[in-house]
*Asks:* 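So that we are looking at the same thing, I have put the structure below in structure tokens.
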Amino acid sequence: MPEAPKSDVVIENNKQVLHFIEEVTTNADEIQKKVLAEILTKNAHVEYLQRHGLNGHIDRENFKKIMPAITYEDIQSDITRIANGDKSQILCSQPISEFLTSSGTSGGERKLMPTIEEELARRSQLYSLLMPVMSQFVPDLEKGKGMYFLFIKSEAKTPGGLPARPVLTSYYKSPHFKNRRPDPYTNYTSPNDTILCSDSYQSMYSQMLCGLCQNKEVLRVGAVFASGFIRAIRFLEKHWPLLCHDIRAGTINSQITDLSVREAVMKILKPDKNLADFVEAECSKDSWQGIITRLWPNTKYIDVIVTGTMSQYIPTLDYYSNGLPLVCTMYASSECYFGVNLNPLCKPSEVAYTLIPTMGYFEFLPVHRNNGVTNSISMPKSLNEKEQQELVDLVDVKIGQEYELIVTTYAGLYRYRVGDVLRVAGFKNNAPQFNFICRKNVVLSIDSDKTDEVELQNAVKNAVTHLMPFDAHVTEYSSYADTTTIPGHYVLYWELNVNGSTPVPPSVFEDCCLTIEESLNSVYRQGRASDKSIGPLEIKIVESGTFDKLMDYAISLGASINQYKTPRCVKFEPIVELLNSRVVSNYFSPKCPKWVPGHKQWNNMN
């Protein structure tokens, strides 16, 4: 990596970026109008817009009147045609360069989001806003490095030969990342080759080794998600003796067989007995509280996503860091990169993202919550005419109101329902700032997995067939994402009715665990089998009458007895404690579920 530029260049660049943010947030509505017109002009002749009869209109009024708000299922047949090699202009006038695999699923498989070459530049632009914003709050960051644990994931090719991979894998493999200009925000302790290594153990080991070797230069640490950063610390907990050996000897462990990784690390690694002794002394202590600030003493903050389901990891991060600020810098998805956090040192519960109006055309559907015990939000699959008319533009949202985000992109998504629920927290000039509330319909999530109630119900239904020979039935169940273990894992609480005389053997409950895992979507199975970011699923059998007690408790808190439904997922600590206090036995999945990269149907094609 070339040296970072000198301070005056940084200051000038920061000024320009902050001016850009002022400008686009002030003129948000004009820019949105222009973005939509640009997208519709470029794609006027694509099949999808013609099919709906847009007839070359590029104004908002006709677009809103003619084009429906859609979900993935509405365009799945078009996506399949492109994936299978149809090169006609179906969704976009520019060639689809690859598919970005979403962590959301459809029919158990990752959704495929079309993208085009020019989107990489748009994503890079959003990344370029982060550092100038951050440097207003934390000075002198250009004088050190970031220790970020970044990884690529498995990718596949569609039958038509297009890559299908997660958005960050696409970005890290692109020239925009690999050949990036010297920039203080991308001056990392991890050489590119360690990030681009597909073996997750070798990648983690080499990145951790490089981070330790440069410990005094590290000013900020992070990963994409909070869960990923905690996995890195747990990796250190397990492997520090090997790492210390390498630092002391100036050699790299023979388990690291990737030659480009070895070469990149050896440019950084020098024998350093003092550093090895220091790391060993810190890691040998009984308590790992504050280990981040002990090993990397100049760290100013942790840069990880801790909004949405990732908020469950905040106490663990606070423990390991002695309460360093937790910074969420940006809001993005496979469909589109959306916005940035202009107040990065705020509390995690107050994080608000300012949507950048140049990234895509944004609309918002008002959300009306169903307040139950689960407090989950379910949205209708398709919108009727009245709901369609309720959609509002970026500048017209109201403070305090919750909305589902709907996006029109340069890459061929038109009025696409992203599935994120956002609450308006305020405005930066004329551009709204949003708290991320949740993904709609998601009940369980540990890492990038998202399991909804229907999928969970289906998985349980498949599993209980193992109980039939013993005349045993699941009378009630609920679930919980347990993040006290690292990696976190799904827990299911089952209350049974056993009529048979033969007790159900433990191996049968273990088979139930595995059947549930085999029935869940490919993102979950990849997290278990390939990324090792999710632990084995656990079934806890609870005493008879437990779910009656749960209902009594909910009613004592004010739930209506007539409307009470057993929550299929629990998050509220007292309820989790109640369930755990009545557990009579527990069982874990005995092995990883099956998973291969790509979609099932592609793997069946030869």
*Asks:* With the threshold set at 4.0 Å, does a side-chain nitrogen-carboxylate oxygen contact exist between D74 and R415?
*Replies:*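 A salt bridge is absent here (no side-chain N lies under 4.0 Å from a carboxylate O).
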*Asks:* Would you mind checking if D29 and R60 are paired as a salt bridge, meaning a charged N to carboxylate O distance below 4.0 Å?
*Replies:* yes
*Asks:* Looking at every non-hydrogen atom in both residues, tell me the closest pair between A411 and T115 and how far apart they are.
*Replies:*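 That would be CB-CA, 3.8 Å.
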*Asks:* Taking all non-hydrogen atoms of both residues, which atom of A69 and which atom of L391 are closest, and how far apart?
*Replies:* CB-CD2, 4.4 Å
*Asks:* Could you measure the distance from the CD1 atom of I66 to the CG atom of L49? Nearest 0.5 Å is fine.
*Replies:*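 The CD1 atom of I66 sits 10.0 Å away from the CG atom of L49.
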*Asks:* Within 45° of the ring axis of Y410 and under 6.0 Å from its six-membered ring centre, is that where the NZ or CZ of R122 lies?
*Replies:*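 The answer is yes; both the distance and angle limits are met.
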*Asks:* Could you check whether any side-chain heavy atom of I75 comes within less than 4.5 Å of a side-chain heavy atom of Y414, counting everything from C-beta outward?
*Replies:* no
*Asks:* So, do V351 and F436 sit near enough that their side-chain heavy atoms are less than 4.5 Å apart?
*Replies:*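 Not in contact.
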*Asks:* Out of Y331, F427, F364, which residue meets the ring pair (Phe, Tyr, Trp, His ring centres under 6.0 Å) rule with F434?
*Replies:*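 Considering Y331, F427, F364, a ring pair (Phe, Tyr, Trp, His ring centres under 6.0 Å) with F434 is found only for F364.
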*Asks:* Do V167 and Y337 have side-chain heavy atoms sitting under 4.5 Å apart?
*Replies:*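 Result yes, sub-4.5 Å side-chain heavy-atom pair found.
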*Asks:* Does K347 NZ have over 12 foreign heavy atoms under 6.0 Å away?
*Replies:*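 12 or below, so no.
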*Asks:* How long is the span from the OG1 atom in T293 to the CG atom in N322, to the nearest 0.5 Å?
*Replies:* 4.5 Å
*Asks:* Examine Y353 together with F338 and report whether their ring centres are nearer than 6.0 Å.
*Replies:*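 When the ring centroids of Y353 and F338 are compared, they turn out to be at least 6.0 Å apart.
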*Asks:* Does T194 use its side chain to pair, donor to acceptor, with the backbone of S203 at less than 3.5 Å?
*Replies:* no
*Asks:* CD of E47 to CZ of R81: how many Å apart, nearest 0.5 Å?
*Replies:*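 Atom-to-atom, E47:CD and R81:CZ are 4.0 Å apart.
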*Asks:* Is there a side-chain contact between L324 and Y301, using heavy atoms and a 4.5 Å cut-off?
*Replies:* no
*Asks:* So does K42 get a backbone contact from the side chain of S93, meaning a donor-acceptor N/O pair under 3.5 Å?
*Replies:* yes
*Asks:* Any heavy-atom pair between the side chains of F99 and P114 that's under 4.5 Å?
*Replies:* yes
*Asks:* With a 4.5 Å cut-off on side-chain heavy atoms, are L394 and P432 touching?
*Replies:*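 Yes, side chains in contact.
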*Asks:* I need the minimum non-hydrogen distance between I292 and S321, along with the two atoms involved.
*Replies:*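 So the two residues come closest at CD1-CB, 4.0 Å.
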*Asks:* Could you state the interatomic distance from NE2 (H57) to CG (L40), rounded to the nearest 0.5 Å?
*Replies:*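 Result: 11.0 Å between the selected atoms.
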*Asks:* Please test S198 against I152 for side-chain contact (heavy atoms from CB on, under 4.5 Å), starting from the C-alpha separation and ending with a verdict.
*Replies:* CA-CA 6 Å; S198 57; I152 59 166; 4.2 Å; yes
*Asks:* Using modelled atom types only, decide if a donor and an acceptor are shared between the side chain of N62 and the backbone of D59 within a distance under 3.5 Å.
*Replies:*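 Here the side-chain-to-backbone pair does not exist.
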*Asks:* Determine whether T25 and N430 make a side-chain contact, defined as any pair of heavy atoms from C-beta on separated by less than 4.5 Å.
*Replies:* no
*Asks:* Where do E98 and S170 land on the side chain to side chain donor-acceptor pair (under 3.5 Å) test, with the steps shown first?
*Replies:* CA-CA 9 Å; E98 62 181 312; S170 164; 2.8 Å; yes
*Asks:* Show the numbers, then the answer: is there a side-chain contact (heavy atoms from CB on, under 4.5 Å) between T101 and L112?
*Replies:* CA-CA 5 Å; T101 54; L112 300 172; 3.8 Å; yes
*Asks:* Which atoms form the tightest heavy-atom contact between P344 and V327, and what is the distance?
*Replies:*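 The pair with the smallest heavy-atom distance is O-CG2, 3.5 Å.
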*Asks:* Y127 vs Y171, test: ring pair (Phe, Tyr, Trp, His ring centres under 6.0 Å). Steps then yes/no.
*Replies:* CA-CA 11 Å; Y127 284 122; Y171 180 68; 4.6 Å; yes
*Asks:* With no hydrogens and no angle check, is any side-chain donor or acceptor of Q94 less than 3.5 Å from a backbone partner on I116?
*Replies:*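 Not at all, since once roles are kept as given, no pair shorter than 3.5 Å links the two residues.
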*Asks:* To the nearest 0.5 Å, what is the distance between CG on L219 and CG on N187?
*Replies:* 9.5 Å
*Asks:* Does any non-hydrogen side-chain atom of E23 lie less than 4.5 Å from one of T26?
*Replies:*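 With C-beta onward as the side chain, the pair stays apart.
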*Asks:* What's the verdict on side-chain contact (heavy atoms from CB on, under 4.5 Å) for L444 and Y524, showing C-alpha distance, side-chain angles and the deciding distance?
*Replies:* CA-CA 10 Å; L444 286 171; Y524 174 88; over 6 Å; no
*Asks:* Start with the C-alpha distance between M147 and Q207, add both sets of side-chain angles, then the distance that settles side-chain contact (heavy atoms from CB on, under 4.5 Å), and finish with yes or no.
*Replies:* CA-CA 8 Å; M147 182 178 70; Q207 290 192 57; over 6 Å; no
*Asks:* Looking at F177, is R180 sitting on its ring face, NZ or CZ under 6.0 Å from the six-membered ring centre and within 45 degrees of the normal?
*Replies:* yes
*Asks:* Can you establish whether the number of heavy atoms outside E117 located under 6.0 Å from its atom CD is more than 12?
*Replies:* no
*Asks:* On the 0 to 90° scale, with breaks at 30° and 60°, tag the Y148-Y188 ring pair as parallel, tilted or perpendicular.
*Replies:* tilted
*Asks:* Please determine, by modelled atom types, if D393 and Q32 share a side-chain donor-acceptor pair under 3.5 angstrom.
*Replies:* no
*Asks:* Kindly give the heavy-atom pair with the smallest separation between L413 and M113, and that separation in Å.
*Replies:* CD1-SD, 4.1 Å
*Asks:* Taking all atoms of both residues into account, what is the closest heavy-atom pair of P348 and I314, and its distance?
*Replies:*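 Scanning both residues completely, I find the closest heavy atoms to be CB-CD1, 3.6 Å.
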*Asks:* Got a donor-acceptor contact below 3.5 angstrom from the N14 side chain to the V133 backbone?
*Replies:*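 Not at all, since once roles are kept as given, no pair shorter than 3.5 Å links the two residues.
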*Asks:* Within this structure, what is the CG-SG distance for the pair N341 and C346, rounded to the nearest 0.5 Å?
*Replies:*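 Rounded to the nearest 0.5 Å, the CG-SG separation comes to 5.0 Å.
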